[in-house]
Amino acid sequence: MTVQALHVSISGVVQGVGFRPFVYNLALRLGLRGWVLNHSGGVDLEVEGPPEALDAFVAALSAEAPPLAQIEALAARAMPTQDFTGFEIRQSERQEGRYQLISPDVATCPDCLREVLDPADRRYHYPFTNCTNCGPRFTIIADIPYDRPNTTMRVFPLCPECQREYDDPSNRRFHAQPNACPACGPHVWLADAAGRPLAGAVQHADPAVLERARDLLLSGRIVAIKGLGGFLLACDATNAEAVRTLRERKRRPHKPFAIMVATLEEANAYCRVSPAEEALLTSPQAPIVLLERRPGSAVVPGLTVVDGVAPNAHTLGVMLPYTPLHHILLRDVGRPLVMTSGNLTEEPIAMENDEALRRLGPLADAFLLHNRGIYSRYDDSVWQVVGLGADGVAQPVRRARGYTPFPIRLPFAVRPILAAGPDLKNTFCLARDEYAFVSQHIGDMENLETLEYLEATLALYRHLFRLEPEEMACDLHPDYATTRFALDRAGQDKAVVRVQHHQAHIAACLADNGWAPGDGAVIGVALDGTGYGHDGAIWGGEWLVGDYTGFRRAARLEYLPLPGGDAAIRHPWRIAAGYVYSLLGPDAVPPWLFHSSPGAESAFYRQIDRQINTPPTSSMGRLFDAVSALLGICHTATYEAQAAIELEQAATGARDLISRAAPYPFGLEEAGDGLMVRLEPLLAALLEEMQRETPVPEIAHRFHVTVAQMIEQVCRQIREQTGIQTVALSGGCFQNRLLLELAVPLLEQAGFRVLLHRQVPCNDGGVSLGQAVMAGFGGQGRND
Ligand SMILES: [Zn+2]
Ligand SMILES: [Zn+2]
């Protein structure tokens, strides 16, 4: 019998996902001998046996890989036979400078859930149950290779029974690094806001802990729950008083909360769930999914989700339990729970026990704590499905738990580079070779805590991925904290590429779609709130033409005054008054816009006339703000993009009433340096409609139709000049599902190919990827 031997190297997400046991069992099944090991760069193995069996082995490595494995590269080469006697899993090896991909955290698998809910199982109601198919990964890893001593589980020696599972290749927990049970693993306990124990103890499992937490929640209390990547604040979503208290304490008056429900059936009862949305909810990533609400619905009579959870919204952010602790608690309370990040508005999520007691003490009535350490903060991810095509298009809104640090595959290789990202919804991006490691959602750079979170996460990524940046990228904005961060860190010896915000948005959309440098130039429609332009104005309604080497501004909204600059963003009424005043004169401004600042008119107009702290802006986000305020929907905003989100909600309510809404008029003219959209006809028509007392949802809907038409008409004009047939849509405004559902069919009917975000958010969470690919390609961004 001929015997041959193979050496195989595999890279990708192949550690912490049950890959070595899979290889072991596969080798046994095919009668092959040899070994497999983890090293810093992936998995290596050698096998020998009959040639047919080796062929079957290599084919099965990809075809039958465990569900969470993602093979990026597999190289097999023949080698001399070694006369192996059996098949073994060898000790992991460290190799300096090598890097490997790391699995994100994974929601509890069906097998583990069955054990947790089985009173006869030794892991009945054990909150830290996991196996090679599920459980924490990224949040507990301090170094590679992914082995228990390199995780926060190193302080929990395995008991004999867990050790047996860990050593048994036929067991689901064979080499499951976070393996634990009530006898040897971490525990939960309940404490009051001062940290004094209410139930349970760190030393042993106590079923009374979760019962006590349940009772507190059912009596309307707020409980801070330590989870995978930090603390969540929980309360009864059917209790109006509890929800109101949580809003007051968190200083978050309007921004919608997400809820967690026990099962998919419950999600279906409270909201409409399409097959694509169901797939997201039940995926191993288990993100929050924005679903269309069924008003007044209840699983148990009387237990409806109260309006305070998502005021004035047709949608609800819903997630399913993703740890055993969530599963047990949700089943126990028998109703949906609000689950929101454990932080004060816009601060990073609290992570460790002491930190949580200090920061969340005033917010929570009790703390459900545990003693498994968290190495990296990790917010819940948020996704939505846009109603396009037969199945809809799934898009991330916030990318963290379940997704990072898995990289985006780039269409070209880059030198090691760090992109600092923008100041709002910050992520950073470390890239090397064909991988872009876009960080988890970091947050808004308006406080020191967020900057520290950025620093710590960056240090972890650089260490885990052995990535020393040779080059840096950041925004063009001179006052961004991230710009200073990049310039400070670059020092004398590293180049810093400054990438204009909207160019970064479009480049991110191209990379997101695997657009190769040779695929040609595109028309990039970047519609968002704020981005510093090459002329110092605030951009945000931009049609760009170009590729990774740079873009030119082909069209834009006309410049209008933003009285008060960035501060105006919190006061949509000021934007509305300023826009109407400068386009139609003072008599056209509805006097009630000033109801919150009576008598302020003349000073306000003088500020605009003299251009005092009144930068010009072409922002589409600000146009949405202005229209939202004019329609009386949102006068003052308490969270980012509130006016635009509520305008979309109002318009969505009218969607079924209007079959073919005609657009309002707008102007389009040559402005010397490109096309310019004139907004005077649009605002005049809107005001006229209001005088005719047309219902607000109808006007809101027609406004969306108008913007969709605007996108398409400007793209057609640019196509006439350039011949370009591909349109990339990016920027925060495209988080607006109604706008996408109106604009994309128009563009496609006009013969365009349309690129949408699918892996990173269209909002500023995707900007760091765009900065990295622009800088990485060597394009400096043409200063048109
Ligand atoms: Zn499992
Ligand atoms: Zn154990």
Side-chain angles (χ1 to χ4, degrees), residues 312-315 386-387 525 527-529 540-543 556-558 560 569 572-580 582-584 588-590 593 617-635 637 641-668 677-715 729 731-747:
N312 306 320
H314 293 270
T315 53
V386 184
V525 186
L527 304 182
D528 79 344
E542 315 300 321
W543 283 256
R556 61 175 170 89
L557 296 190
E558 70 176 300
L560 289 168
I569 295 167
W573 71 270
R574 291 176 68 95
I575 302 167
Y579 278 22
V580 174
S582 62
L583 290 172
L584 300 163
V589 180
L593 277 178
T617 183
S618 57
S619 163
M620 181 61 86
R622 296 296 84 80
L623 181 62
F624 272 80
D625 289 347
V627 171
S628 184
L630 268 185
L631 296 184
I633 293 169
C634 181
H635 187 77
Q642 180 182 353
I645 289 167
E646 291 183 358
L647 182 64
E648 179 194 357
Q649 295 284 349
T652 305
R655 181 163 49 184
D656 300 336
L657 309 174
I658 308 157
S659 52
R660 276 184 303 277
Y664 294 119
F666 57 88
L668 186 55
V677 178
R678 299 295 312 254
L679 297 173
E680 183 254 307
L682 168 56
L683 286 187
L686 266 171
L687 289 169
E688 222 170 275
E689 285 268 71
M690 290 181 66
Q691 262 151 24
R692 259 188 266 131
E693 294 184 6
T694 307
V696 163
E698 203 177 312
I699 308 178
H701 191 275
R702 280 187 69 185
F703 171 71
H704 279 77
V705 172
T706 309
V707 175
Q709 289 272 352
M710 196 184 285
I711 293 167
E712 185 251 5
Q713 280 191 31
V714 176
C715 284
L729 303 181
C733 293
F734 287 111
Q735 223 169 282
N736 183 320
R737 283 192 267 182
L738 177 60
L739 181 61
L740 276 180
E741 287 164 15
L742 291 165
V744 172
L746 278 178
L747 286 164

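By convention here, the first residue in the shown sequence is residue 1. Quick caveat: nothing in here was measured; it's all calculated off a predicted structure.
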[atom1]/[X] to [atom2]/[Y] distance, rounded to the nearest 0.5 angstrom?
X: E698; Y: L631; atom1: CD; atom2: CG; result: 11.5 Å
X: R702; Y: I699; atom1: CZ; atom2: CD1; result: 9.0 Å
X: L747; Y: C715; atom1: CG; atom2: SG; result: 5.5 Å
X: F734; Y: L729; atom1: CZ; atom2: CG; result: 4.5 Å
X: L584; Y: E680; atom1: CG; atom2: CD; result: 5.5 Å
X: I633; Y: I645; atom1: CD1; atom2: CD1; result: 13.0 Å

Can a donor-acceptor pair be found, under 3.5 Å and without considering hydrogens, that links the side chain of E648 to the backbone of R737?
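A pair under 3.5 Å: yes.
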
Minimum heavy-atom distance between [X] and [Y], given as atom pair plus value:
X: A700; Y: L647; answer: CB-CD1, 3.7 Å
X: S619; Y: G621; answer: OG-N, 3.1 Å
X: P697; Y: A650; answer: CB-O, 3.4 Å
X: L630; Y: P590; answer: CD2-CG, 3.9 Å
X: A643; Y: S628; answer: O-OG, 2.9 Å
X: W573; Y: L593; answer: CE3-O, 3.2 Å

Derivation and outcome, side-chain contact (heavy atoms from CB on, under 4.5 Å), residues L557 and R622:
CA-CA 11 Å; L557 296 190; R622 296 296 84 80; over 6 Å; no

With a 4.5 Å limit on heavy-atom distance, are the side chains of L679 and M710 in contact?
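Yes, side chains in contact.
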
Note, H701 side chain near V705 side chain (heavy atom, < 4.5 Å)
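Result yes, sub-4.5 Å side-chain heavy-atom pair found.
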
Test: R678 cationic atom under 6.0 Å from F666 six-membered ring centre, within 45° of axis:
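No; the conditions do not both hold, so R678 does not lie above the ring face of F666.
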
So that I can tick it off, tell me whether R556 and E542 are bridged by a salt bridge, with the cut-off set at under 4.0 angstrom between side-chain N and carboxylate O.
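Answer for the salt bridge query: no.
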
E688 with R692: basic N within carboxylate O range, under 4.0 Å:
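Result for this pair is yes, salt bridge flagged.
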
Would you check, one step at a time, whether the test side-chain contact (heavy atoms from CB on, under 4.5 Å) holds for V627 with L682?
CA-CA 10 Å; V627 171; L682 168 56; 5.8 Å; no

Under the side chain to side chain donor-acceptor pair (under 3.5 Å) rule, what do E558 and S618 come out as? Steps first, then yes or no, please.
CA-CA 6 Å; E558 70 176 300; S618 57; over 6 Å; no

For Y664 and E689, run side chain to side chain donor-acceptor pair (under 3.5 Å): C-alpha distance rounded to whole Å, both residues' side-chain angles, the deciding distance at 0.1 Å, then the answer.
CA-CA 10 Å; Y664 294 119; E689 285 268 71; 2.7 Å; yes

Flag for Q649-T315: side-chain donor and acceptor within less than 3.5 Å
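Yes, side-chain donor-acceptor contact under 3.5 Å.
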
Mutual orientation of the aromatic rings belonging to F703 and F624 [parallel < 30°, tilted 30-60°, perpendicular > 60°]
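Ring orientation, 0 to 90° scale: perpendicular.
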
